[in-house]
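Lettering follows sequence order; numbering is per chain, from 1.
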Amino acid sequence: MALFVKHLRLGLIVKHGFHPLPQLTAAKYSVYPPHYVEPVFKKQDIDKLQESGEIENYKLVPFKAARSNDTCSVFHDPLVSKFINYMLKKGQKKIARQVLENTFEKIKRLQLAKYNRETDPERKASIIIDPVIIFKKAVSNCKPLLKLTAVKRGGSYYQVPVPITDKESTFYAMRWFVHCGREKDKAVSFADFMASELINASNNDGRVFKKKLDLHKLCEANRAYAHYRWS
Amino acid sequence: MMLMQRLFPNLVTNKLCSAKILTNFVLRCTYGLNNVGSDDPGVEIPEKKIVEEKTSLAMRAYLQRATQYNSFMDQQIHEYKIGKRHLANMMGVDPETFTQKDIDAAIGYLFPSGLYDPKARPLMRPPSEVFPPKKDAEFDESGRPFHVFFYTGKPNFYSILHNIATKLVELNKFEDSLRKNNILPDADKKLTSFGSQWLSKEDLEKKTVERLSDHEYKHFVVAIERLLNHACAYKLTEFISEYQKPMISTKSIVESSPVLYTKDGRAYVTVKDCPRKDARADVTVYYPGTGKLSINGKGIEFFDYIQAREQILFPLLFTDMIDKVDIEATVSGGGVSGKAGAIRFGISWCLCSFVDPEVVERMRIAGLLQKDYRRRERKKPGQARARRKFTWKKR
Amino acid sequence: MRAYRRVCNYATAAIKQEAQYQIPTAARTDKTNPADHDHHDESKFYTIDPKTITSLFQMGGLPKPFTEQTQMFAETALMVRKPALEVIRGLKLADYQKPVIRYLLYGQTGSGKSLSLAHILHYAHNSKFILYHIPYVPIWLKYDRKEVNWSTTKNGLADIPLIAAQWLKHFKHQNEVLLNELNLTTSQDYVWSIRETTPKGTILNELITHGINRAKYACDCMDILLNELKAHCSNNKCKMLVAVDGFNAFFNEKTDLKTEDRVRVTPQQISMVQTGLSAVLSDWNNGAVVMVTSPRAALNTKRESHLPIYLCGRQGFEHIDPFIPVMVPELTTTEFNNMLDYYEEKRWLQKTGGRKELEFLTSRLPAELMARCASL
């Protein structure tokens, strides 16, 4: 079975402005040759491509096969799929997915109970019941803006605050949720715990939000070393 | 030996020769060869004055190697041709119209092999395909190289880079001349690289008959991309296309199955042996249908797992054909995901015959028509699993 | 059913700039008495008031996911469907002087059999039937309970005293009021031990109380109660509806129950099971029997088919033959859409559109639809 070594795409604008010639990153093995492109499986996205005319460019470009957890369904959300993957242990996708569905059900129950109890129409309208929206709000509230990297200066390592990409920061937010789950009480189920965590985070509250704030504080504390980024 | 007849002037004119198989050269040192220049071994030729040239040991060795290679290749070609005729006779076919495909079939029949790797099985190909090509003579008898860039060690490769650079300068001049006359380069004609990729490192090595390093290949790609992205690059489409190859090879287009009709006049398409991991499915889709689904005799409840059900739904939902077709599938092997993926592949390919070409293109972009060749990665020795290494212990 | 336009993913709060999505309302019927339901009410929801729910189903009878849902929505809304209407019609039109008619509800797992049975029970309750209701047979047979004793009165049969006592509580809860009205009494003396006797002429309620208090005699009490009720029904004093959910569990090959001497018992060896089997016999009139066979009740032993002959086996089938089979199918398109409208109305289903997908994924089974919509 041929394995293709994927190199960094040439012509990529490297972040920090140095390196005119892209460096060879750690080789990523792939069954597909490097020129195969990730599939676009949502109907709206393909419509957008068609409108903008970009679809013509892709006529001669081969596409990879669609993944097993991607569908064009209305109920499918890529961020939620990613989160299920982060919760995955030992490849047991069925369990991870079931746990997340239970989490969403719990969120709905909690929010619906709140909604039914609320009498003031304004506040009632502002209660969000959709678990996916709460999840997205929670993740976006907990995304850090900077992270700390260890930079070696004169024999010792300093924690230097460094900006991160949107992708990486989403990853951190979602990972913190999963890691917080490991610190939960044994009597409480993961679904219950995660439901309350997500609702709290969507209201700028809770453990994960606190973690983000702590990171920001640390970055603020280490701002003196920020210039170490550049030598 | 016949080849030694080639004249010296011939060789001199062959400056800057490209990568050809060594077909002609002169063994300058005629030391000890009395019957040179004669077909008839009996004829005695007056001994020429042997002039011992100051050819270095290295050069002599090189030229000797060249002779050997040439004679070897000639012999191989001769054997191949004769062998081909013998094979044709054995198979009872006219030797004149015996193509390479026939040869492969004949070898496959006469030497059936159970070996796993296709490259290990017996084959009979023209020697140019089997034996790696070698360069023509790179320097003359005095040791003076023919190619300008000989002393770079990779003359053909560096001449490509040099050509690119020269052409870039030309294009810049051309663009300047346009702009002097207040004409902008035609934006519509600007070249794009959609649908084509650069020659890979292996392809380039074959083209230049030189071993390249990754670093050098990257230089090449950077250079040629620079050339492509020039506003006036349309002037050099021919030159650039020499170093391009299409992304989608024509071989990879799977032919869709034919549309058949039942006795009642219903159209149906069957796709057999749809693969995904170790599962194999045969899927039949009947076109004017009502949304019935049968997998090994059961309905959708064949799959407990919601993800498997969603995968089967995917192509139907994508093409809006959920309640317009009937599906019958038999699947075996593999696990739950594999079975679901195999059926999904089958349904997608069957639906191609019942939807517009634009929708087929959309399905291709969605990744429904591509076989998923991903398999379980093997465990490697020295590691615990495919990727997981053993716990690193400091001592 | 109101027509609606497709808009993707709305939240309760967000009012989109584009066309505002109109949350649909489910089609309902105002008739709260199942006796009034007819084919016009098919696929519509009717609500049962909480008092009836507690009196009928407090100790079992409604599936657990459904009860959680009713707590969530603050109402119990049952969909009026054809199978239940068929049985109710049969109950209305039957000749009660003839021996009891047996109805069998069968269908795939999750097709709505238990809820149809609940609908029928509600009708029977309103029509002054005594309800001899076994909520779900496998509860008797599934768990390795500590107290399983060999019966003293019946040879070769085992008793599960606590379960029988619990069932008597359930029976009392459902039928106390009615029994008080009817004032039925025992027809003979029952001697439990040297000191305990239930004399002839005691009110059945007292008999039941005795069984609850003295769990040791609860199984015998059940049996006696059944016989008494059958006798009273045959004498035109009252009407009775025997309702058994998970009937095919009576004919399972084994149970998880073990006696004190760690001997495993089969369902046929349990006295309560024998009582249940005698309840469905046709040796009495002025009543009806409604049974429900469910693949789940076979407890993972029979997976091939959902048909009664496979689930009950030859012996079981011959026991209940002849009966009127009533199939509980998947939801029709109207019923399916109405169910989704109900979920949207209650703000349970948060994502609009995708109805065709749900149809495909759940193959229109109501329980599966409930499970699928839980996270959407």
Side-chain angles (χ1 to χ4, degrees), chain A residues 1-5 7-11 20-24 27 29-43 45-47 49-50 54-76 81 84 90-91 93-98 101, chain B residues 192-198 200 214-215 217-219 221-222 225-226 229 245-249 252 276-277 304-315 317-320 336-338 340-341 344-345 348 358 361-375 377-378 386-387:
Chain A
M1 162 78 25
L3 277 181
F4 295 91
V5 174
H7 306 297
L8 235 197
R9 250 184 34 248
L10 292 171
L21 268 181
Q23 303 286 297
L24 239 178
Y29 294 103
S30 171
V31 174
Y32 298 107
H35 60 275
Y36 272 64
V37 174
E38 294 294 326
V40 178
F41 48 86
K42 291 276 186 206
K43 279 204 216 171
D45 293 340
I46 302 185
D47 287 333
L49 282 182
Q50 212 155 34
E54 270 182 61
I55 207 168
E56 297 300 314
N57 297 335
Y58 290 114
K59 282 226 177 331
L60 294 166
V61 173
F63 284 84
K64 299 185 191 178
R67 293 265 165 147
S68 297
N69 53 348
D70 292 334
T71 56
C72 62
S73 158
V74 167
F75 307 124
H76 173 267
S81 290
I84 294 174
K90 298 201 176 172
K93 186 74 138 274
K94 211 167 168 178
I95 293 179
R97 186 175 170 152
Q98 192 58 52
E101 294 195 341
Chain B
T192 49
S193 61
F194 285 113
S196 50
Q197 46 176 333
W198 300 119
S200 67
D214 288 334
H215 194 69
Y217 176 71
K218 283 209 153 26
H219 271 295
V221 176
V222 168
E225 288 227 328
R226 197 71 163 332
N229 290 332
K245 67 177 184 188
M247 274 193 183
I248 302 182
S249 67
S252 64
R276 172 80 170 101
K277 289 195 197 179
D304 276 330
Y305 189 21
I306 183 66
Q307 191 176 278
R309 293 187 183 188
E310 284 178 347
Q311 284 300 290
I312 297 181
L313 173 67
F314 185 5
L317 189 65
F318 193 81
T319 51
D320 282 328
V336 178
S337 285
R344 180 188 93 181
F345 181 81
S348 313
E358 299 133 26
E361 176 64 19
R362 285 168 77 108
M363 279 212 281
R364 190 186 70 86
I365 292 177
L368 287 168
L369 302 180
Q370 171 68 41
K371 274 190 198 175
D372 201 331
Y373 285 115
R374 292 179 294 163
R375 298 284 182 272
E377 202 172 311
R378 66 159 280 193
R387 299 282 174 104

Taking atom NZ of A:K43 as the centre, does the number of heavy atoms from other residues, nucleotides or ligands within less than 6.0 Å exceed 12?
yes

Run the side-chain contact (heavy atoms from CB on, under 4.5 Å) check on B:S337 and A:K93 step by step: do they pass?
CA-CA 11 Å; B:S337 285; A:K93 186 74 138 274; over 6 Å; no

Counting heavy-atom pairs closer than 4.5 Å to chain B, which one of A:V37, A:D45, A:D47 comes out on top?
A:D47

The interface call for A:R97 against chain B, heavy-atom contacts under 4.5 Å, is side chain

Validation row: B:M247, A:V61 side chains within 4.5 angstrom (heavy atoms):
yes

If you define the side chain from C-beta out and look only at heavy atoms, does anything of B:R374 sit under 4.5 Å from A:R67?
yes

Between B:Q370, B:R364, B:M363, which is the residue that forms a side chain to side chain contact (heavy atoms under 4.5 Å, CB included) with A:F63?
B:R364

Donor-acceptor check, side chain of B:Q311 to backbone of A:D70, threshold 3.5 angstrom: yes or no?
yes

A:T71 OG1 to B:I312 CD1 distance, which is reported to the nearest 0.5 Å:
13.0 Å

Within a strict 4.5 Å, meaning less than it, do heavy atoms of the B:P246 and A:L60 side chains meet?
no

Indicate yes or no: at least one non-hydrogen side-chain atom of A:N57 is less than 4.5 angstrom from one of B:T192.
no

Which one wins on heavy-atom pair count under 4.5 Å against chain A: B:E361, B:E358, B:R344?
B:R344

How long is the span from the NE2 atom in A:H35 to the OG atom in B:S193, to the nearest 0.5 Å?
12.5 Å

Side chain, backbone, both or neither of A:Q50 within contact of chain B (heavy atoms, under 4.5 Å)
side chain

Could you tell me whether the side chain of A:C72 reaches within less than 4.5 Å of the side chain of B:F314, counting heavy atoms only?
yes

What part of B:Q307 is in contact with chain A, defined as an atom under 4.5 angstrom from a non-hydrogen atom: side chain, backbone, both or neither?
both

For A:V31 and B:E377, what are the C-alpha separation, side-chain angles and deciding distance, and is it a side-chain contact (heavy atoms from CB on, under 4.5 Å)?
CA-CA 10 Å; A:V31 174; B:E377 202 172 311; over 6 Å; no

Shortest non-hydrogen pair, A:A66 vs B:A366, comes out as CB-O, 3.3 Å

Can you tell me which portion of B:Q197 sits under 4.5 Å from chain A's heavy atoms? Options are side chain, backbone, both or neither.
side chain

